[in-house]
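All remarks here apply to the structure that follows.
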Amino acid sequence: MLDVLGEHPEAVEADLAHHYQGYGPGGPLAAYWRGEITLRWLRVMVEGLPPTGATARAVNGHAWQPETYSAADSRDLLALLFTAFVNANRKEGTQALPWPEPGWRPGDPLPEDAEQQTAQDRAQARAAFERITAQVLPAKE
């Protein structure tokens with residue numbers, strides 16, 4: 001039974017109750033326990049849950065859909081085109097606009113986390129540099 005519900009049983013139960021309301025109180029899960037439907041039919045319903053439901057959000061860790069990614073890609077492309085247009089048509093001697101950074105996507109580190117990671121990377125690089133120079137250069141007396 002737990003294999004059918006997967007790693008996010010509460011989300012699956014919420015989706016089943018939402019999308020299959022004709023099974024009465026408790027939805028298809030309660031209907032299974034009452035013996036009204038088979039385990040196979042419950043599995044078919046779970047596998048047929050829509051990609052916009054609570055189960056998909058729980059599995060993915062976010063609510064972004066393909067349309068959301070497409071909108072973010074369009075926004076990034078529009079920012080690039082705008083910057084290219086402005087830079088191509090600027091007056092001579094004026095400074096070019098910097099290229100825009102892509103927008104945040106699920107899975108990307110948050111800006112504050114990225115800054116912290118950059119500081120850690122710099123510290124590690126500095127420590128490695130100091131170890132190498134200590135091995136290569138003669139000791140100062």
Side-chain angles (χ1 to χ4, degrees), residues 1-140:
M1 174 63 177
L2 290 177
D3 289 343
V4 172
L5 298 180
E7 295 182 19
H8 306 283
E10 291 85 6
V12 172
E13 185 177 0
D15 272 347
L16 288 171
H18 176 76
H19 294 288
Y20 301 103
Q21 297 175 0
Y23 286 91
L29 203 53
Y32 168 74
W33 289 113
R34 290 190 302 259
E36 297 171 5
I37 63 172
T38 64
L39 183 61
R40 180 188 179 284
W41 184 239
L42 181 63
R43 181 185 56 79
V44 168
M45 284 191 264
V46 169
E47 290 177 357
L49 289 174
T52 57
T55 305
R57 287 192 305 273
V59 169
N60 295 332
H62 59 80
W64 280 46
Q65 297 299 312
E67 301 84 22
T68 316
Y69 283 101
S70 180
D73 291 342
S74 297
R75 180 234 160 251
D76 290 345
L77 181 60
L78 187 61
L80 284 171
L81 290 172
F82 176 77
T83 303
F85 178 80
V86 169
N87 286 340
N89 294 298
R90 66 186 162 89
K91 293 181 182 177
E92 283 193 40
T94 59
Q95 193 169 11
L97 287 178
W99 292 103
E101 293 290 325
W104 181 86
R105 309 278 195 290
D108 290 350
L110 297 173
E112 55 270 11
D113 295 340
E115 291 173 9
Q116 183 180 8
Q117 184 63 41
T118 301
Q120 288 175 350
D121 291 346
R122 284 186 180 149
Q124 286 179 342
R126 183 69 186 170
F129 172 77
E130 289 173 358
R131 276 195 311 275
I132 291 170
T133 55
Q135 293 172 359
V136 174
L137 296 177
K140 295 182 183 178

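The analysis underlying the following values was restricted to heavy atoms, covering all of them including side chains, and did not include hydrogens, waters or symmetry mates.
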Spacing of CG belonging to Asp3 relative to CG belonging to Leu39, to within rounding of 0.5 Å: 9.0 Å
Closest non-hydrogen atom pair between Ala11 and Ala58, with its separation: CB-CB, 4.0 Å
Spacing of Trp99 atom CH2 and Asn87 atom CG [to the nearest 0.5 Å]: 5.5 Å
Shortest non-hydrogen contact from His62 toward Pro106: CD2-CB, 3.3 Å
Any side-chain heavy-atom pair of Asp76 and Arg105 under 4.5 Å: yes
Enclosure of Glu130 CD (heavy-atom neighbours >12, cutoff 6.0 Å): yes
Spatial distance of atom OG1 (Thr52) from atom CD (Glu67) [nearest 0.5 Å]: 9.0 Å
Closest non-hydrogen atom pair, Arg75 against Gly103: NH1-N, 3.8 Å
Close side-chain approach of Met45 and Tyr23, heavy atoms under 4.5 Å: yes
Any Gln117 side-chain heavy atom under 4.5 Å of Asp121 side chain: yes
Set of ring pair (Phe, Tyr, Trp, His ring centres under 6.0 Å) partners for Phe82, sequence neighbours left out: none
Interatomic spacing from CG in Leu97 to CZ in Phe85 - rounded to 0.5 Å: 12.0 Å
Any donor-acceptor pair under 3.5 Å from Thr133 side chain to Phe129 backbone: yes
Pro50 vs His19 side-chain heavy atoms within contact, under 4.5 Å: yes
Residues, nucleotides or ligands: over 12 heavy atoms within 6.0 Å of Glu101 CD: no
Partner residues of Asp108 under the salt bridge (Lys or Arg N to Asp or Glu O under 4.0 Å) criterion, sequence neighbours left out: none
Point-to-point distance, once rounded to the nearest 0.5 Å, from CD of Glu47 to CG of Leu42: 10.0 Å
Distance (rounded to the nearest 0.5 Å) between Thr55 OG1 and Leu49 CG: 5.0 Å
Trp41, CH2 atom: more than 12 neighbouring heavy atoms under 6.0 Å: no
Closest approach of Ala56 to Pro51 (non-hydrogen atoms, all atoms of both residues): CB-O, 3.2 Å
Contact summary for Trp104 and Trp64, nearest pair of heavy atoms: O-CH2, 3.4 Å
Glu36 side chain to Ala30 backbone, donor-acceptor under 3.5 Å: no
Partner set under salt bridge (Lys or Arg N to Asp or Glu O under 4.0 Å) for Glu10, not counting sequence neighbours: none
